[in-house]
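Here the structure is laid out as structure tokens; the discussion comes afterwards.
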Amino acid sequence: MSKSPRRLRRGELPVDTTELAQFLIGKTLVRDHPQGRMTGRIVETEAYVVGDAACHAFRGETPRNRALFLERGHAYVYFIYGCWHALNVCGEVAGVGAGVLVRAIQPIEGIEIMRSRRDGQRDVDIARGPGRLATALDIDRRLNGTDLCADGPLWLAGSLGPAGRIARSRRIGLSREIDRKLRFFESDNPHVSGPRAP
DNA sequence: TCACTGATCGTCT
DNA sequence: GACGATCAGTGAG
């Protein structure tokens, strides 16, 4: 079955990280996994931009954040709080460290596979939040550096339908740069994590 | 429904 | 040695 739309080309992705964060709302994330294909509609993102003290790349390149400096459209996967992984899409040009945290998806295809990994959670909670999303799609550091615009285990595809109304707010869970409004989400979508109000 | 907290470990200071 | 782009469970109101 090929419910998924076509793969996104790198040339279609905005170079600017903030624009990329908005662009990705409503697009499709595809996980080709040994157990089967899982897809979801991206409903919530956050931009971590150049010169942003909350961005992992702010203090320069290290072994941990190296993938964040890849050309836009690559995956940066990191491990946090000793428990969770989170998925970012690199922004900007090669050598510049910036990216978009994918915070939530609306499960579309392979929901049973995701649910089994998420211990039978309700559909709305399966991938609501970056740690839950990574768990549901079996994303870990093996996928760090993956090209999301190429054939592989994880890639980006176009929209399945028009995006809903996109709202903007402060980012979640930060202690620095807390006033920057770089979180984008579909305001009427129940699969979004955190507060719905700007 | 909201606020608070422990879990847990890789990374950098 | 401290802390973090989180989550689930608990208890109070």
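Since the model is a prediction, treat every value here as computed from it, not as a measurement. Per chain, numbering begins at 1; letters A, B, ... match sequence-line order.
Ion pair A:R118/A:D125 not flagged as a salt bridge, since none of the NZ, NE, NH1 or NH2 atoms sits closer than 4.0 Å to an Asp/Glu carboxylate oxygen.
In the set C:dA5, C:dA8, C:dG4, the nucleotide with an atom closest to the side chain of A:S175 is C:dG4.
For the pair A:R170 CZ and C:dA5 P, the interatomic distance rounds to 17 Å; values are reported in whole Å. Rounded to a whole Å, the CZ atom of A:R171 is 14 Å from the C1' atom of C:dG4. Rounded to an integer number of Å, the gap from OH of A:Y48 to C1' of C:dG4 is 11 Å. Residue A:R122 contributes atom CZ, which lies 11 Å from atom P of C:dA8 at whole-angstrom precision. We find that CZ of A:R118 is positioned 14 Å from P of C:dT6, with the value rounded to whole Å. Whole-Å rounding puts the A:I172 CD1 to C:dA5 C1' distance at 10 Å. As a whole-Å value, the separation of A:E46 CD from C:dG4 P is 16 Å. Following rounding to the nearest Å, A:H85 (NE2) and C:dG4 (C1') show an atom-to-atom distance of 15 Å.
DNA chain B contains the following stems of three or more consecutive Watson-Crick or G-U pairs, with both distances under 3.5 Å: B:1-7 with C:6-12, B:9-12 with C:1-4.
Taking every heavy atom of residues 131-140 of chain A and every atom of DNA chain C, pairs under 4.0 Å involve A:G131, A:R132, by number.
A:T146 is not listed as a side-chain neighbour of A:W155, based on a closest heavy-atom distance of 4.5 Å or more.
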Check the interface with nucleotides 4-13 of chain B: list each N/O to N/O pair with the protein under 3.5 Å, or write none.
{"unit_1": "B:dT8", "atom_1": "O2", "unit_2": "A:Y81", "atom_2": "O", "d": "2.3"}
{"unit_1": "B:dC12", "atom_1": "OP1", "unit_2": "A:T62", "atom_2": "OG1", "d": "2.2"}

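In this structure, A:R103 reaches the C:dT6 phosphate: one of its side-chain N or O atoms is under 4.0 Å from OP1 or OP2.
The local environment of CZ in A:R10 is crowded, with over 12 non-hydrogen atoms from other residues, nucleotides or ligands closer than 6.0 Å.
For A:R41, the side-chain hydrogen bond (donor to acceptor under 3.5 Å, both in side chains) partners are A:E186, not counting sequence neighbours. In this structure A:E12 satisfies the side-chain hydrogen bond (donor to acceptor under 3.5 Å, both in side chains) test together with A:R6, sequence neighbours excluded.
No engagement by A:A86 is indicated, since no non-hydrogen atom pair under 4.0 Å with the nucleic acid exists.
Residue pairs meeting the salt bridge (charged side-chain N to carboxylate O under 4.0 Å, His left out) criterion with at least one member in residues 88-103 of chain A, sequence neighbours excluded, are A:E44-A:R103, A:E46-A:R103.
There is a side-chain donor-acceptor pair under 3.5 Å between A:H33 and A:D138. A donor and an acceptor atom, one from each side chain of A:R117 and A:Q35, are located under 3.5 Å apart.
A donor-acceptor pair is defined here as one N or O able to donate and one able to accept, closer than 3.5 Å; such a pair exists between the side chain of A:T39 and the backbone of A:E109. Side chain of A:N65 to main chain of A:G60: a donor-acceptor pair is present (N/O by atom type, distance under 3.5 Å, no hydrogens or angles).
Using bins of under 30°, 30° to 60° and over 60° for the plane-to-plane angle, the ring pair A:F79/A:H85 lands in the tilted bin.
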